[in-house]
Amino acid sequence: MPATTVAATAAEPIRSPFLVILLAWLLPGAGHFLLGKRGRALLIFASVVLCFLFGVLMRGPLFQPSGGADVLSKLIQYGGFLGDLAAGFPYLLVSFFGYAPPDSASHVSDYGSKLIVAAGLLNILAIVDAYEITTRQKD
Amino acid sequence: MTLNLDHFETSLLLALFSSVVLGIVTKRTTDERVKYGLYCFGCFMAALFGIGWFMRLLHG
């Protein structure tokens with residue numbers, strides 16, 4: 001009986017995985033913060049938000065979920081949109097305030113758009129890490 | 001306010017942020033995280049300079 005209890009406790013999530021995923025997506029690092037990993041939460045927050053901020057300051061355009069003419073363009077647009085969206089509140093914030101980069105494309109704004117997508121992808125890594133800590137797959 | 005960073009500066013930023021997050025999510029102890037973060041940053045730099053020089057030699 002004690003062995004069963006120990007096994008059940010070990011498999012039991014620390015927090016609701018859905019809550020952790022939702023918070024980790026909305027506010028980068030919030031999942032780790034909720035799990036008591038405050039140092040890691042701060043570093044994740046700073047990395048994701050600064051990466052996004054640099055992208056916006058370089059006037060990087062956001063990807064739109066609109067299809068291009070060919071499959072590759074659609075893949076790039078939708079993939080980029082998911083990457084942007086994964087950054088959480090920075091993306092929602094700039095979308096809410098109607099962030100609009102200049103119409104004329106430049107190499108600087110192109111680099112900026114990559115930094116914005118990278119911020120979202122880094123946040124996905126952080127979300128997965130928080131999920132694994134919640135479900136006790138990691139310390 | 002607008003930033004006009006060039007390709008190298010943007011790559012440095014990307015390497016820095018990516019290395020921090022990769023170090024955090026990959027390893028278990030603080031010591032391992034710092035080492036892995038530095039290792040990732042070094043790999044980014046090696047790729048940046050290596051591919052940069054390769055392209056320069058390729059173009060002549």
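Source: prediction; values computed, not measured.
Scanning both residues, V25(B) and L125(A), for their nearest heavy atoms gives CG1-O, 3.8 Å. The two residues Q137(A) and R28(B) come nearest to each other via the heavy atoms O-NH2, 4.1 Å. Taking every heavy atom of both residues into account, D129(A) and I24(B) meet most closely at OD2-O, 4.3 Å.
Put simply, of A118(A), G39(A), S47(A), the one with the most heavy-atom pairs under 4.5 Å next to chain B is S47(A).
Here the rule is side-chain contact (heavy atoms from CB on, under 4.5 Å) with M58(A), and of N4(B), T2(B), L5(B) only L5(B) fits it. The side-chain contact (heavy atoms from CB on, under 4.5 Å) test with F17(B) is passed by exactly one of L122(A), L43(A), V48(A): L122(A).
Other residues, nucleotides and ligands place no more than 12 heavy atoms under 6.0 Å from the CD1 atom of I51(B). No more than 12 heavy atoms of other residues, nucleotides or ligands shown are found within 6.0 angstrom of CZ on F18(A). For F63(A), the CZ atom sits in a packed shell: over 12 heavy atoms of surrounding residues, nucleotides or ligands are nearer than 6.0 Å.
I44(A) and L92(A) fall into different hydrophobic clusters, defined by Ile, Leu, Val, Met, Phe, Trp and Tyr side-chain heavy atoms under 4.5 Å apart, directly or through other members. The cluster map of Ile, Leu, Val, Met, Phe, Trp and Tyr, joined by side-chain heavy atoms under 4.5 Å apart, puts L50(A) and L93(A) in different clusters. Connection of L53(A) to V20(B) is established within a shared hydrophobic cluster, with ILVMFWY side chains joined at heavy-atom distances below 4.5 Å, either directly or through further cluster members. Each of F81(A) and F89(A) belongs to its own hydrophobic cluster when Ile, Leu, Val, Met, Phe, Trp and Tyr are linked at side-chain heavy-atom distances under 4.5 angstrom. The hydrophobic cluster containing L85(A) also contains I127(A), counting ILVMFWY residues as joined when their side-chain heavy atoms lie under 4.5 angstrom apart, directly or transitively.
Neither the backbone nor the side chain of I133(A) comes within contact range of chain B; no heavy atom of the residue lies under 4.5 Å from a heavy atom of that chain. With a threshold of 4.5 angstrom between heavy atoms, L16(B) does not approach chain A through any atom at all.
Chain A is approached within less than 4.5 Å, heavy atom to heavy atom, by D6(B), H7(B), T10(B), L13(B) from residues 6-13 of chain B, ordered by number. Taking 4.5 Å as the heavy-atom cut-off, the residues of residues 106-117 of chain A that approach chain B are V108(A), Y111(A), L115(A), ordered by number.
In this structure, NZ in K27(B) is found 10.0 Å from NZ in K138(A), a value given to the nearest 0.5 Å.
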